[in-house]
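Here's the structure, in structure tokens; my notes come after.
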Number of protein chains: 2
Amino acid sequence: MPGPKNPNSEDSTPESEHQELSGDRKIPAAVIKRLSLYTRALQNLERNKVEKVSSTELAKELGLNSAQVRKDLAYFGQFGVPGFGYPVGELRKKLKHILGTDRKINVALIGVGHLGKALLSYGGFNRQGFRMRWAFDIEVRDKTIGAEKVPVYNISELEQVVRRENIELVILTVPAEAAQGIADRVVGAGVSAILNFVPKRIQTPPHVKVHYVDLAIEMESLSFYLR
Amino acid sequence: MPGPKNPNSEDSTPESEHQELSGDRKIPAAVIKRLSLYTRALQNLERNKVEKVSSTELAKELGLNSAQVRKDLAYFGQFGVPGFGYPVGELRKKLKHILGTDRKINVALIGVGHLGKALLSYGGFNRQGFRMRWAFDIEVRDKTIGAEKVPVYNISELEQVVRRENIELVILTVPAEAAQGIADRVVGAGVSAILNFVPKRIQTPPHVKVHYVDLAIEMESLSFYLR
DNA sequence: GTGACATTGTGAAAACGTTCACAAGGTCCC
DNA sequence: GGGACCTTGTGAACGTTTTCACAATGTCAC
């Protein structure tokens, strides 16, 4: 905790987190991200009919240290078998359960500009356990977007639709000036997870989790390494 | 260039970096990302005709600790004035120079699928000091993409165009199976910075910097916090 | 069954990043 | 021009994350 600072549960590039779990230990945010990485690697292995994997193999595939893999997994239980490794299918199932991606999560996107449209058309999300079927904008130019025909609602209907459709996660791709206002509204409507593509930090109550994806920052910081 | 089996200079979500600078100290990757954040905040201040800013104000705006702001900046020199703060315009210029975004960097995007198309149409990059005017795919469906009419080349022309146009940074949005092969080719053609949207770790020689943007991971890890 | 082998889970150490706290030094009002 | 006031730059303390290293434990071939 940043001492006597304002409340705020964000995290993005910076690390630092908290979160109760079944047990009672705090799980670092970085561990959660790696869990997701492990899940994906396990899915690939499963597709190739591999039935066991060691922490060393997993670590190599993902560019990590094997002790880190074991420690990450140990946060959540004992999944491995000494002298054998981890059973691929079983571990994958357990991790998906821990991540909560073994069910469908309803996702809405707000701000149908170029980037928003792109993400809607992309469709990659719908595979992974997400149902991204709602879009909002202040001006509805097209009634649906993308091959999946995601309907676009007027932003005035935001709270109503979020509540009715039980939307749990929101992707923000609005102009910077609008970000805080929209964030306040979705939080008010009960959303507690936001993926923010807007290059602007937003303030939220502590129970709301915000992840930032900042494309400009990624590009600029790469620029630095061009010597 | 199929298999340089080198270590690896990537970093993405995980922290850990190094990089020589004018002086001789290693600059953590997280510091570089925050530098980019500072630059943006300074640009906003400048737009509002603010002429000075203290580390405390900057920290508050970005949700950081003021000592961290000072320390980050101190990696690169003494920009502040005790009892006064930092001169906005001057600091912004210096940071842009440090980041190397005070010149135009040529950027190509490889893989014109949904996401690739979206990023091309988005156009947000071209503002910040990047010139994203080349796209590649194995199959050229449209000759140009987006309002900016970015020409799409056949992937067979990759090396030739990269060299001719002096492309320094590449955005990868190809299918996972193709990622490593394409990465090898662009590196072979002289590119040393890659922004990889493909959910697959790629191996590169140490001088090549890879940043990962993994949308699925962001979504999944948010899912965890939905309890 | 037994024994050589492989691999886990985890304390302890090391590395790294953040925050504290304060001396040094510039500002700016009177 | 003087002095109260700010704010920087930074060593040291602190906290977190990663890595090491190894005892414990299960595997598997014979």
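Chain A is the first sequence line, chain B the second, and so forth, proteins listed ahead of strands; every chain is numbered from 1.
- Closest heavy-atom contact between A/Lys52 and A/Glu57: O-OE1, 4.2 Å.
- Computed from coordinates, the A/Leu73 CG to D/dT18 P distance equals 14 Å when rounded to whole Å.
- For the pair A/Tyr122 and B/Leu115, the tightest heavy-atom approach, listed with the atom from each and the gap, is CD1-CB, 3.9 Å.
- Contact detail for B/Gln68 and B/Tyr38: the closest heavy-atom pair is O-OH, 4.0 Å.
- Note on A/Arg34: every side-chain N or O is 4.0 Å or more away from OP1 and OP2 of D/dT17.
- Mapped onto DNA chain C by nearest heavy atom, B/Lys52 and B/Gln68 fall at different nucleotides, with B/Gln68 at the one closer to the 5' end.
- With rounding to whole Å, B/Asp72 atom CG is found 11 Å from C/dG17 atom P.
- Partner A/Trp134 forms a side-chain contact (heavy atoms from CB on, under 4.5 Å) with one of A/Leu120, A/Leu109, A/Asn106 and no other, that one being A/Asn106.
- Rounded to 10 degrees, the angle between the two end axes of the helix from C/dG1-D/dC30 to C/dC30-D/dG1 is 30°, with five pairs used at each end.
- One can place CG of A/Leu64 at 13 Å from C1' of D/dT17, the figure rounded to the nearest angstrom.
- With hydrogens and angles ignored, no donor-acceptor pair closer than 3.5 Å exists between the side chain of B/Lys71 and the base of C/dT18.
- For B/Asn48 (side chain) and B/Val50 (main-chain N/O), no donor-acceptor pair under 3.5 Å exists by modelled atom type.
- If you check residues 80-97 of chain B against DNA chain D, the residues with a heavy atom closer than 4.0 Å are B/Gly80, B/Val81, B/Pro82, B/Gly83, B/Phe84, B/Gly85, B/Tyr86, listed by number.
- Between A/Arg70 atom CZ and C/dA12 atom C1' the separation is 15 Å, expressed in whole Å.
- Between B/Lys209 and A/Leu222 the shortest heavy-atom distance is O-CD2, 3.6 Å.
- One finds no side-chain N or O of A/Ser55 lying less than 4.0 angstrom from the OP1 or OP2 phosphate oxygen of C/dT7.
- To the nearest angstrom, P of C/dT19 lies 13 Å from CG of B/Leu62.
- A straight line from CZ of A/Phe76 to P of C/dT8 spans 18 Å, rounded to a whole angstrom.
- Taking atom CD1 of A/Ile27 as the reference point, atom C1' of D/dT18 lies 16 Å away to the nearest angstrom.
- The phosphate of C/dT10 has OP1 or OP2 within less than 4.0 Å of a side-chain N or O from A/Gln78.
- The 12-atom threshold is not exceeded at NZ of A/Lys60, counting heavy atoms of other residues, nucleotides or ligands nearer than 6.0 Å.
- In the displayed structure, A/Arg185 atom CZ is contacted under 6.0 Å by more than 12 heavy atoms of other residues, nucleotides or ligands.
- The CG-C1' distance, from B/Asn65 to D/dC14, rounds to 13 Å in whole Å.
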Exercise for review: Apply the test side chain to side chain donor-acceptor pair (under 3.5 Å) to residues A/Arg70 and A/Ser66: give CA-CA distance (whole Å), side-chain angles for both, the deciding distance (0.1 Å), then the verdict.
Suggested key: CA-CA 6 Å; A/Arg70 294 195 296 279; A/Ser66 71; 3.2 Å; yes

